[in-house]
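For the numbers below, each heavy atom of this structure counts, side chains included, while hydrogens, waters and symmetry mates do not.
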Amino acid sequence: MTQPPIFIVVRDLLSPLQQLVAWLERAGHERIVLVDNASTYTPMVEYLSATPHTVVRCGWNMGHRSPWLSGAVFDLAHDESYVVTDPDIVPDENCPLDAVAHFAAVLATHPGVHRVGF
């Protein structure tokens with residue numbers, strides 16, 4: 001099964017973002033997209049410049065809707081399922097690494113449900 005793209009809404013909150021990205025990488029996710037809402041915190045700007053993951057720079061703070069308003073979901077997810085999260089939603093160290101696949105299975109078995117998460 002192909003891993004869905006994971007869009008993380010970003011603005012200046014670095015430490016939990018690094019923890020979340022590390023967890024996602026351990027879980028085997030490669031399609032990590034950081035949607036930057038015009039971060040100004042120097043360590044965050046440097047992190048975004050150095051990350052191997054896709055960075056979508058919004059140019060201004062679009063808020064929690066930035067993955068859609070920026071066009072990132074349309075451009076990078078096309079017609080497939082995707083994940084949108086905030087950088088401070090970091091799974092517990094005991095969280096199974098297949099959590100995203102589990103969430104996809106929950107959605108597949110409940111067609112009336114459109115969102116699921118931690």
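The hydrophobic clustering, which links ILVMFWY residues whose side-chain heavy atoms are closer than 4.5 Å, places V73 and V33 together. Note: the hydrophobic cluster containing V21 also contains I6 (ILVMFWY, side chain heavy atoms under 4.5 Å, direct or indirect links). Under the 4.5 Å side-chain contact rule for hydrophobic residues, V9 and L13 do not share a cluster.
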- [ ] Might you work through the side chain to side chain contact (heavy atoms under 4.5 Å, CB included) test for V113 and V106, ending with a clear yes or no?
- [x] CA-CA 9 Å; V113 175; V106 168; 5.7 Å; no

- [ ] Please test I32 against T51 for side chain to side chain contact (heavy atoms under 4.5 Å, CB included), starting from the C-alpha separation and ending with a verdict.
- [x] CA-CA 10 Å; I32 299 170; T51 185; over 6 Å; no

Task: Test log, rule side chain to side chain contact (heavy atoms under 4.5 Å, CB included), inputs V56 and L76 - done: CA-CA 10 Å; V56 174; L76 301 171; 4.2 Å; yes

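Distance check: L34 CG to F7 CZ gives 11.0 Å after rounding to the nearest 0.5 Å. To the nearest 0.5 angstrom, E30 atom CD is 12.0 Å from L24 atom CG. For the atom pair D12 CG and L17 CG, the distance stands at 11.0 Å (nearest 0.5 Å).
Residue E25 qualifies as enclosed at atom CD: its count of foreign heavy atoms under 6.0 Å is above 12.
Within the structure, ring pair (Phe, Tyr, Trp, His ring centres under 6.0 Å) pairs that include any residue of residues 91-111 comprise F103-F118 (at least two apart or interchain). Legend: salt bridge (Lys or Arg N to Asp or Glu O under 4.0 Å) pairs involving residues 33-44, not counting sequence neighbours, sorted by first then second residue: D36-R57.
Considering all non-hydrogen atoms of both residues, P4 and S81 come closest at CB-O, 3.5 Å.
In this structure R31 satisfies the side chain to side chain donor-acceptor pair (under 3.5 Å) test together with E80, sequence neighbours excluded.
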Could you pull out every donor-acceptor pair under 3.5 Å between side chains of residues 40-47 and any protein atom, sequence neighbours left out?
none

Please table the atom pairs, donor to acceptor, closer than 3.5 Å between any side-chain atom in residues 84-94 and protein atoms at least two apart or in another chain.
unit_1 : atom_1 : unit_2 : atom_2 : d
D92    : OD2    : N94    : N      : 2.7
D92    : OD2    : N94    : ND2    : 3.3

For residues 58-72, which side-chain N or O atoms pair as donor and acceptor with protein atoms under 3.5 Å away, sequence neighbours left out?
unit_1 : atom_1 : unit_2 : atom_2 : d
N61    : OD1    : G63    : N      : 2.9
S66    : OG     : N37    : ND2    : 3.3
S66    : OG     : G63    : O      : 3.1
W68    : NE1    : Y82    : OH     : 2.9
S70    : OG     : S66    : O      : 2.6
S70    : OG     : A72    : N      : 3.2

